[in-house]
Enquirer: 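What follows is a single structure, and I will ask about it in a moment.
First the proteins, then the strands, lettered A, B, ... as listed; each starts at 1. All figures in this text were calculated on a predicted structure; none of them were measured in a lab.
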2 protein chains.
Amino acid sequence: MRRLDDGSRGVATLPDVAERAGVSTATAARALGGYGSVRETTRQRVLDAAEALGYRANVLARSMVTGSSHTIGVVISDIENPFFRKSLRGITDTARSRGFEVLLANTDEELEKERSAVSLLEERRVDGLVICPADAGDRKHLREVIAAGTPVVLLDRRVAGLAADTVGIDNRKAARLATERLLALGHKRIAIVTGGTPEIRERLVRPDMKGVERLSATTVGSRAAGYRDAMTAAGLTLRPEYLSANGFRREDAVDEVCRLMDLAEPPTAILAFDSIQSLGALQCFRERGIRCPEEVSLLGFDDAEWADVVEPPLTVVTQPMYEIGVAACERLLDRISGEQRSPVHDRLPTVFIERSSLAPPARS
Amino acid sequence: MRRLDDGSRGVATLPDVAERAGVSTATAARALGGYGSVRETTRQRVLDAAEALGYRANVLARSMVTGSSHTIGVVISDIENPFFRKSLRGITDTARSRGFEVLLANTDEELEKERSAVSLLEERRVDGLVICPADAGDRKHLREVIAAGTPVVLLDRRVAGLAADTVGIDNRKAARLATERLLALGHKRIAIVTGGTPEIRERLVRPDMKGVERLSATTVGSRAAGYRDAMTAAGLTLRPEYLSANGFRREDAVDEVCRLMDLAEPPTAILAFDSIQSLGALQCFRERGIRCPEEVSLLGFDDAEWADVVEPPLTVVTQPMYEIGVAACERLLDRISGEQRSPVHDRLPTVFIERSSLAPPARS
DNA sequence: CGAGGTGTTGAGAACGTTCTCAAGACGGTC
DNA sequence: GACCGTCTTGAGAACGTTCTCAACACCTCG
């Protein structure tokens, strides 16, 4: 154990252990690593020496020679979001159980943060990346990291033309089904609160949402497409003022829902694209004294922890968030351990949870 | 750039860059690292070469020689818990802004997971650790990591006899104030739902909660002590059946609150020690059709995102969760950069948010 | 008794950086 | 022209592992 300038002890290294056990570093490494062959008595001697010195392998050094850091990077927009938080839990649990550690980065949907996060994680030589890519902008950094040979799994969102696995749900179908449910109750004035950015809104308000399904932010894009599918199939025309995309934060949603409810002809039902948007809607209702579901129905995505204790208990279509994280991580680890095949796109089933926030439209 | 067996390109390394720029690795390192002195023209040449090759520094290799990984480990019980989630956000933001990455580990309050997490993070040579230590059990692993020279900051909880900084709130005082608030409304039958473990309950039900403030799980312990302070100061005796500690998960809280409400003499007010417990209480009320605050008042800790849209909107005493994370991380980074002084214990101020879940006890 | 395993061991290279040290180039001063 | 200082550069060690290779000891078999 080498002595530091200040006289304190540094951390014990392999040579320290080897010396104490009276063997070479090679043998010590074999004994500790449990590979190669080493006589039982020497093995025990090495183990004892390691124990006595409080030896901890230096994974960094190991990574240098093995070329694998046993670390994955997770790049999500925000841990606060129930979807990401639960998925993250699925990811960390899976990674941990397979001997991998997780390096975490938040992006807040900002492309620049995403770029820098990916770059920093690359420098740390992560073995793979789970990314929920930001809504818009170019994907050069993602293409590059994939080209450099780092496996990438996309969470929740799909990016056209990117050779990466994807794990999520069938957003288009889920949104279509949700909309059909509202339609079946008799609603015609159905608004969506997407949590998308203003650039996305531009696409939404094009005639018939042309090309929205190819929108880069594929969650919002796909869900919007599903909504359109159901609306047009029901013979309804899309009203631009019912298509909201004003940012992903709760306050944005509050503003947006209030705007909706201030309309001369307010919607009779609102489809919220994630639990933050639902929360925003609920808050607006409370502030304005709007009764739900009597005056407006609210249908949300994602079953947040609070969804059943809120007033009214929220009807939601929910994704298996934890399982999505698990699946994403498993995919990634499989790739890391060398699995070779063209990208796969897993789609886990959604569940519709009926509670009390839906009612037929009030007749006026 | 070396060729791999399969003919694909590996990642460009410093020698690759140096070769392309026609300089030595030492010079390339200087140019890239921005230290030492290097002629402007060569510097540019190196930078261009790096750019052309898509060079990414290998932080692992750098760490080996500098001895610093620029990585911190965060060991918390559960990202799902609002307190930890928000603190984590504070930690990651701060770490990131100061050039550090965050390695995340969940423990679910299990000592064994905590031990293994700490050990694994040590092997990864994290520069420091933010830990929310599990409730009970021995702290040998913590003492060891501190003794080995890795700075540790304790989040939320304080462990007696451990040479580590602590960041949290004055739990005892906060709980005392909260209890006094209920007392002032006229409540006498006040129960606490602590989220502690059964072992903790043992301590709680000792006469006068003797020694509870020295309980290892200092959050629960301190808060329980604060509750006791207020109750005894008001001349009330502690009823063991009002002291709940049955686990930290939501279902545990539901069970426990239901048990409380089934009592021959149910409490007229409940003090929930964290937002999961509050949620459990709310769920129990809903399931049993118990009206809050008419039949029971509910006062919770931590202002979860849903606290104001729930029915009834929840009155809470809240910790500055994000700021606690920030402070913890800053403390840690200061230690890492060499600050030497005896452990400090930061206590951030709490805020009382009055909403609608409190009322005087119903006269029966 | 020698050939041919098999089991056990150590020497030393490699991974990709940083950093110390020494040396060369260049300019200015006496 | 010799000397000194500063700027710029490169050689090579070091960090703590893993892993290849060769050497040695021992055993078995013919």
Enquirer: Taking atom P of C:dC15 as reference, at what distance in whole Å does atom CZ of A:Arg125 sit?
Expert: 14 Å
Enquirer: Using whole Å, what does the distance between atom P of nucleotide D:dA14 and atom CG of B:Leu60 come to?
Expert: 22 Å
Enquirer: What does A:Ser63 touch in the nucleic acid at a heavy-atom separation under 4.0 angstrom: a base, only the sugar-phosphate, or nothing?
Expert: nothing
Enquirer: Report the nucleotide, chosen from D:dT9, C:dG10, C:dT17, that has the shortest atom-to-atom distance to any side-chain atom of A:Thr27.
Expert: C:dG10
Enquirer: Does A:Arg56 make a side-chain donor-acceptor contact with the base of D:dG16, cut-off 3.5 Å?
Expert: no
Enquirer: Any side-chain donor paired with an acceptor under 3.5 Å for B:Ser24 and B:Thr27?
Expert: yes
Enquirer: Of all the nucleotides listed (D:dT17, C:dC19, D:dC19), which has the minimum atom distance to the side chain of A:Leu14?
Expert: D:dT17
Enquirer: Any side-chain N or O of A:Ser37 below 4.0 angstrom from OP1/OP2 of C:dT8?
Expert: yes
Enquirer: Take atom CZ of A:Arg124 and atom P of C:dT17, then tell me their distance rounded to the nearest Å.
Expert: 14 Å
Enquirer: Side chain of A:Thr42, heavy atoms from C-beta onward: which of C:dT9, C:dC15, D:dC19 has the nearest atom to it?
Expert: C:dT9
Enquirer: Write down the distance between CZ (B:Arg43) and C1' (D:dT9), rounded to a whole number of angstrom.
Expert: 16 Å
Enquirer: How close or far is atom C1' of D:dG16 from atom CD of B:Glu122, stated in whole angstroms?
Expert: 16 Å
Enquirer: Between P on D:dC15 and CE on B:Met64, what's the gap in Å once rounded to a whole number?
Expert: 9 Å
Enquirer: Of all the heavy-atom pairs spanning A:Ala28 and A:Ala18, show the shortest one and how long it is.
Expert: CB-CB, 3.9 Å
Enquirer: Side chain of B:Arg30 only, please: which of C:dT17, C:dC21, D:dT18 is the nearest?
Expert: C:dC21
Enquirer: For the pair made of CZ in A:Arg62 and C1' in C:dT17, what is the distance, rounded to whole Å?
Expert: 20 Å
Enquirer: Closer to the 5' end of DNA chain D via nearest nucleotide, is it B:Thr41 or B:Val65?
Expert: B:Thr41
Enquirer: Are A:Arg39 and C:dT9 close enough that a side-chain N or O sits under 4.0 Å from OP1 or OP2?
Expert: yes
Enquirer: Would you please say whether a donor-acceptor pair under 3.5 Å links the side chains of A:Thr107 and A:Arg115?
Expert: no
Enquirer: Just call it for A:Val23: base, sugar-phosphate, or nothing, with non-hydrogen atoms closer than 4.0 Å on any strand.
Expert: sugar-phosphate
Enquirer: Using heavy atoms to find the nearest nucleotide of DNA chain C for B:Pro15 and A:Arg45 separately, return the residue whose nucleotide is more 5′.
Expert: A:Arg45
Enquirer: Picking from C:dT9, D:dG10, C:dT17, which would you name as closest to the side chain of B:Thr13?
Expert: C:dT17
Enquirer: Using a 3.5 Å distance criterion without hydrogens, assess whether the side chain of A:Arg45 forms a donor-acceptor pair with backbone atoms of A:Ala21.
Expert: yes
Enquirer: Any luck finding a side-chain donor-acceptor pair between A:Ser77 and A:Asp108 under 3.5 Å?
Expert: no
Enquirer: Does A:Tyr35 make a side-chain N or O approach to OP1 or OP2 of D:dT20 shorter than 4.0 Å?
Expert: no
Enquirer: Separation of A:Asn58 atom CG from C:dT17 atom P, in whole Å?
Expert: 17 Å
Enquirer: Could you verify whether a donor N or O on one side chain and an acceptor N or O on the other, from B:Glu114 and B:His141, lie under 3.5 Å apart?
Expert: yes
Enquirer: State whether B:Ser24 places a side-chain N or O below 4.0 Å from either non-bridging phosphate oxygen (OP1 or OP2) of D:dG10.
Expert: yes
